[in-house]
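For reference, the structure discussed in these notes is given below.
Since this is a predicted model, take the numbers as computed values, not measurements. Note that the numbering runs from 1 along the sequence shown for the chain. Computation of the quantities below employed the complete heavy-atom set of this structure, encompassing side-chain atoms and omitting hydrogens, waters and symmetry-equivalent molecules.
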Amino acid sequence: MTPAHPEAFEFLSKRRSRPAKLLAAPAPDRETLRILLEVASRVPDHGALVPWRFVVLPKSECEKLAGLVAARGLERDLDEEAISKAETLFTTTPLCVAVVQSPKESQKIPMSEQVYTAGAVCLSLVNAALAKGWGANWITGWPSYDSEIQTRLGLTQEESIAGFIHIGTAPAVPPERPRPDVDALITEGIL
């Protein structure tokens with residue numbers, strides 16, 4: 001039997017993302033972030049394809065991205081609230097990591113598994129940051145799917161943004177939110 005890790009289990013049983021709009025400086029320094037990215041990369045990866053990569057956006061780059069988000073929102077004729085909400089996420093965050101789903105050609109590994117792996121990296125990065133005492137939040141939203149924003153972040157046509165992971169200092173632990181009724185989600189056996 002694998003050794004138990006009660007502290008890790010306790011952390012996971014109570015983990016709670018911190019709202020990105022409330023994150024403030026300081027953010028992890030370069031060395032700390034590298035460690036968080038190493039931990040985040042320890043995910044199931046059928047075939048060891050590594051179908052993800054990171055685009056690191058420190059505060060100054062987040063501010064540039066906020067300007068691009070505002071401009072793209074206007075070009076796309078989005079409503080002011082949608083533009084403002086997305087723009088504010090990037091003007092207020094002290095650090096953001098775009099996790100890029102970067103598929104690899106494979107006869108054996110289906111694309112869906114590669115997508116799941118990139119999603120696992122997003123959650124692992126949030127959990128690694130939270131476990132080290134930082135605030136973190138996984139956000140997508142319309143900027144994640146905008147082709148111009150993807151291009152400006154250096155994505156190829158085959159790549160997509162699995163999530164923007166905002167990391168910084170959280171002012172407080174947010175209140176618990178309703179969780180799913182697990183019993184209602186369970187079925188057993190073969191039909």
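In the hydrophobic cluster analysis, where Ile, Leu, Val, Met, Phe, Trp and Tyr join through side-chain heavy atoms closer than 4.5 angstrom, Val69 is grouped together with Leu74. Grouping the Ile, Leu, Val, Met, Phe, Trp and Tyr side chains by contacts below 4.5 angstrom, directly or via other members, places Leu125 apart from Ile161. Under a hydrophobic-cluster definition in which Ile, Leu, Val, Met, Phe, Trp and Tyr are linked whenever side-chain heavy atoms come within less than 4.5 Å, directly or via other members, Val50 and Leu37 are assigned to the same cluster. The hydrophobic clustering, which links ILVMFWY residues whose side-chain heavy atoms are closer than 4.5 Å, places Val56 and Ile167 together. Placement of Val115 and Tyr145 in two distinct hydrophobic clusters is found when ILVMFWY residues are connected by side-chain heavy-atom separations under 4.5 Å, directly or transitively.
One distance of note links CZ of Arg72 with CG of Asp146; it measures 4.0 Å at 0.5 Å rounding. Atom CD in Gln101 sits 10.0 Å away from atom CG in Leu155 (nearest 0.5 Å). Distance check: Phe164 CZ to Leu57 CG gives 7.0 Å after rounding to the nearest 0.5 Å. In this structure, the separation between CG on Leu68 and CD on Glu63 is 14.0 Å, given to the nearest 0.5 Å. Summarising the geometry, atom NZ belonging to Lys85 is positioned 8.0 Å from atom CD1 belonging to Ile139; distances are rounded to the nearest 0.5 Å. Between atom CD of residue Gln114 and atom OG of residue Ser106 there is a gap of 6.5 Å, rounded to the nearest 0.5 Å.
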For this session: Carefully, step by step, assess Val97 and Val55 under the rule side-chain contact (heavy atoms from CB on, under 4.5 Å).
Result: CA-CA 6 Å; Val97 177; Val55 177; over 6 Å; no

Exercise. Do Trp138 and Val99 pass the side-chain contact (heavy atoms from CB on, under 4.5 Å) test, and can you show the C-alpha distance, the side-chain angles, and the key distance before you say yes or no?
Worked result: CA-CA 10 Å; Trp138 175 5; Val99 177; over 6 Å; no

For this session: Go through the steps to decide whether Lys59 and Leu95 satisfy the test side-chain contact (heavy atoms from CB on, under 4.5 Å), and finish with yes or no.
Result: CA-CA 5 Å; Lys59 180 71 175 164; Leu95 173 67; over 6 Å; no

Problem set entry | Stepwise side-chain contact (heavy atoms from CB on, under 4.5 Å) test for Trp52 and Ser41 | CA-CA 9 Å; Trp52 74 89; Ser41 295; 3.6 Å; yes

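Crowding of Arg42 atom CZ: a count of heavy atoms from other residues, nucleotides or ligands under 6.0 Å not exceeding 12. Counting heavy atoms of neighbouring residues, nucleotides and ligands inside a 6.0 Å radius, atom CD of Glu81 does not exceed 12 of them. More than 12 heavy atoms of other residues, nucleotides or ligands lie within 6.0 Å of CZ in Phe54, so this atom counts as buried by the packing criterion. In this structure, Arg16 places its CZ atom where more than 12 heavy-atom neighbours from other residues, nucleotides or ligands lie under 6.0 Å away. Counting heavy-atom neighbours within 6.0 Å of Glu105 CD, excluding the residue itself, gives a total of 12 or less. Within a 6.0 Å radius of NZ in Lys104, more than 12 heavy atoms belonging to other residues, nucleotides or ligands are found.
Looking only at distances, a side-chain donor or acceptor of Ser144 sits under 3.5 Å from a matching main-chain atom of Thr140. Without hydrogens or angle criteria, Ser124 side chain to Ala120 main chain gives a donor-acceptor distance under 3.5 Å. Side-chain atoms of Thr117 come within 3.5 Å of backbone N or O of Pro44 as a donor-acceptor pair.
Between Lys14 and Glu10, at least one side-chain N (NZ, or NE/NH1/NH2) sits under 4.0 Å from a carboxylate O, which counts as a salt bridge. Contact check on Glu159 versus Arg53 returns a salt bridge, with a Lys/Arg side-chain nitrogen under 4.0 Å from an Asp/Glu carboxylate oxygen.
Here the side chains of Cys122 and Ile165 are in contact, with some heavy-atom distance below 4.5 Å. Side-chain contact between Pro26 and Pro94 is absent, with no heavy-atom pair separated by less than 4.5 Å. Leu12 places a side-chain heavy atom less than 4.5 Å from the side chain of Asn127. Side-chain atoms of Pro103 and Pro51, non-hydrogen and from C-beta on, never get closer than 4.5 Å to each other. With contacts defined as side-chain heavy-atom distances shorter than 4.5 Å, the pair Lys64/Arg152 does not qualify.
Taking the six-membered ring where the residue is Trp, His166 and Phe90 present tilted rings, their angle falling between 30° and 60°.
Between Cys62 and Thr93 the shortest heavy-atom distance is SG-CG2, 3.5 Å. Nearest heavy-atom pair across Pro28 and Leu33 is CB-N, 4.1 Å. Scanning all heavy atoms of the two residues, the minimum distance from Ala170 to Gly135 falls at CB-CA, 4.0 Å. Closest approach of Ala20 to Thr92, counting heavy atoms only: O-OG1, 4.3 Å. Closest of all the heavy-atom pairs between Thr169 and Trp134 is OG1-CZ3, 3.8 Å. The heavy-atom pair separating Val39 from Ala128 by the smallest distance is CG1-CB, 3.7 Å.
Looking only at atom types and distance, the side chain of Ser17 has a donor-acceptor partner in the side chain of Arg15 under 3.5 Å away.
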